[in-house]
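Order of appearance sets the numbers: ligands from 1, and atoms from 1 within every ligand. This chain uses plain numbering: 1 for the first residue, then up along the sequence. Values below: every heavy atom of this structure, side chains too, minus hydrogens, waters and symmetry copies.
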Amino acid sequence: MEAALNYIKEKTGDFKPEIGIILGSGLGDFADNFKSVSIPYKDIPGFESSQIQGHKGQLVFTELEGKKAVIMQGRYHFYEGYSMQTVTYPIKVMKKLGIKTLIITNAAGAVSGDYIPGELMIITDHINFMGTNPLIGKNDDSLGTRFPDMSEIYNKDLIEKAVDIAEKLKINYQKGVYVGTTGPSYETPSEINMFRRWGANAVGMSTVPEAIVANYCGIKVLGISCLTNYAAGVTDVPLNHQEVIDTAEKVKESFKLLLLHFIKSL
Ligand code: HPA
């Protein structure tokens, strides 16, 4: 960690980000046109080189709407075989860099028929269905406590702000509960039925580990899912990754708009 922070300082000098952003599928180019310093993950001590399709795998340091931000262009997924420690290490680094707020974005399947692909879902809570927890192992008391409370991972004030902005911008949005699975296989219709009964509205293969660690570290979290498809069995159309990419691509302009207005409001 010390080495990572020193390396980043070498590249960014006195730049002190207050906001962290994790870019999910479709949003990868969000930071492309901002004047920034980019550091590939593979160069940062403790990071591993990310290989997921369409993702660059770098930290981007930039100013957005007058706020200093560090942006994760691409994330580590548990289904790629990375440990939970690797998946959540960047969150700990961003905490040590001084961020107070983390915006987590992702692509997700719509679990109930009244949630529609193309809508953005502001996450109100999550269900950890990954069968493990990123905080397992020796606790680092400098980051958080051994048994951290998770009753409000997704900050209510930030949710309210995001809702207000979505309303003002007339963006199609929902609020709801995200369930995180390991992937990489999509779910079965029976699993989706179960998730719906549990109260989940969207399902995806990320976000939960990062959100747990951010909350543990005392970072305020806003989570937004881009609903890219109906989850398995909601309709009788089979799922495929291309549909996820295509829908995310269609929604990305309004997603970016929401993000920028949100950041401005902070
Ligand atoms: N299931 C899991 N992850 C996803 C989905 C889905 O239907 N869509 C996008 N990511």
Side-chain angles (χ1 to χ4, degrees), residues 21-30 50-55 57 72-82 84 87-88 103-132 134 154 172-212 222-252 254-256 258-259:
I21 305 172
I22 306 177
L23 299 178
S25 306
L27 278 178
D29 66 358
F30 175 70
S50 179
Q51 308 155 347
I52 187 79
Q53 176 197 352
H55 286 168
M72 288 181 67
Q73 222 169 11
R75 57 150 61 86
Y76 298 104
H77 293 94
F78 192 55
Y79 63 72
E80 293 173 280
Y82 295 117
M84 280 289 173
V87 170
T88 56
I103 304 171
I104 309 181
T105 68
N106 61 49
V111 162
S112 35
D114 47 348
Y115 286 62
I116 297 164
E119 290 178 329
L120 297 177
M121 189 186 89
I122 297 164
I123 303 175
T124 53
D125 201 1
H126 77 218
I127 295 170
N128 178 5
F129 191 67
M130 292 187 153
T132 182
Y154 302 89
N172 284 332
Y173 78 95
Q174 298 272 6
K175 287 198 284 182
V177 175
Y178 175 95
V179 56
T181 67
T182 65
S185 57
Y186 288 116
E187 303 69 35
T188 65
S190 300
E191 286 162 352
I192 296 300
N193 273 333
M194 174 179 74
F195 291 153
R196 190 181 311 112
R197 285 162 199 228
W198 282 359
N201 305 106
V203 58
M205 304 173 191
S206 68
T207 300
V208 162
E210 296 111 310
I212 290 174
L222 176 76
I224 307 179
S225 294
C226 172
L227 303 179
T228 51
N229 58 284
Y230 286 115
V234 177
T235 65
D236 46 21
V237 184
L239 273 64
N240 71 80
H241 184 58
Q242 197 53 47
E243 181 190 7
V244 171
I245 302 286
D246 292 347
T247 314
E249 185 66 27
K250 276 187 208 137
V251 180
K252 88 176 178 192
S254 51
F255 207 156
K256 287 184 196 172
L258 177 63
L259 282 181

Is there side-chain contact between Cys226 and Leu120, with at least one heavy-atom pair below 4.5 Å? yes
Do Thr207 and Ile123 have side chains that approach each other closer than 4.5 Å (heavy atoms only, starting at C-beta)? yes
At under 4.0 Å between heavy atoms, which part of Thr228 makes contact with ligand 1: side chain, backbone, both or neither? side chain
Close side-chain approach of Tyr186 to His241, heavy-atom, < 4.5 Å: yes
Protein heavy atom at shortest distance from atom 10 (N) of ligand 1: Ala107 O, 3.4 Å
Can you see which heavy atom on Asp29 is nearest to which on Gln73, and at what distance? CA-NE2, 4.3 Å
Is the shortest heavy-atom distance from the side chain of Thr247 to the side chain of Leu227 under 4.5 Å? no
Any N or O of Leu239 that comes nearer than 3.5 Å to an N or O of ligand 1? no
Which ligand 1 atoms, with their elements, are less than 4.0 angstrom from a heavy-atom of Met205? 2 (C), 3 (N)
Do any nitrogen or oxygen atoms of Tyr186 come within less than 3.5 Å of a nitrogen or oxygen of ligand 1? no
Is the closest side-chain heavy-atom distance between Thr181 and Glu187 below 4.5 Å? yes
Quick one: does ligand 1 sit under 4.0 Å from the side chain of Ser25, the backbone, both or neither, non-hydrogen atoms only? neither
For Glu187, the atoms of ligand 1 under 4.0 Å from one of its heavy atoms are 1 (N), 2 (C), 6 (C), 7 (O)
Hey, does Asn229 come in under 3.5 Å of ligand 1, counting only N/O atoms on both sides? yes
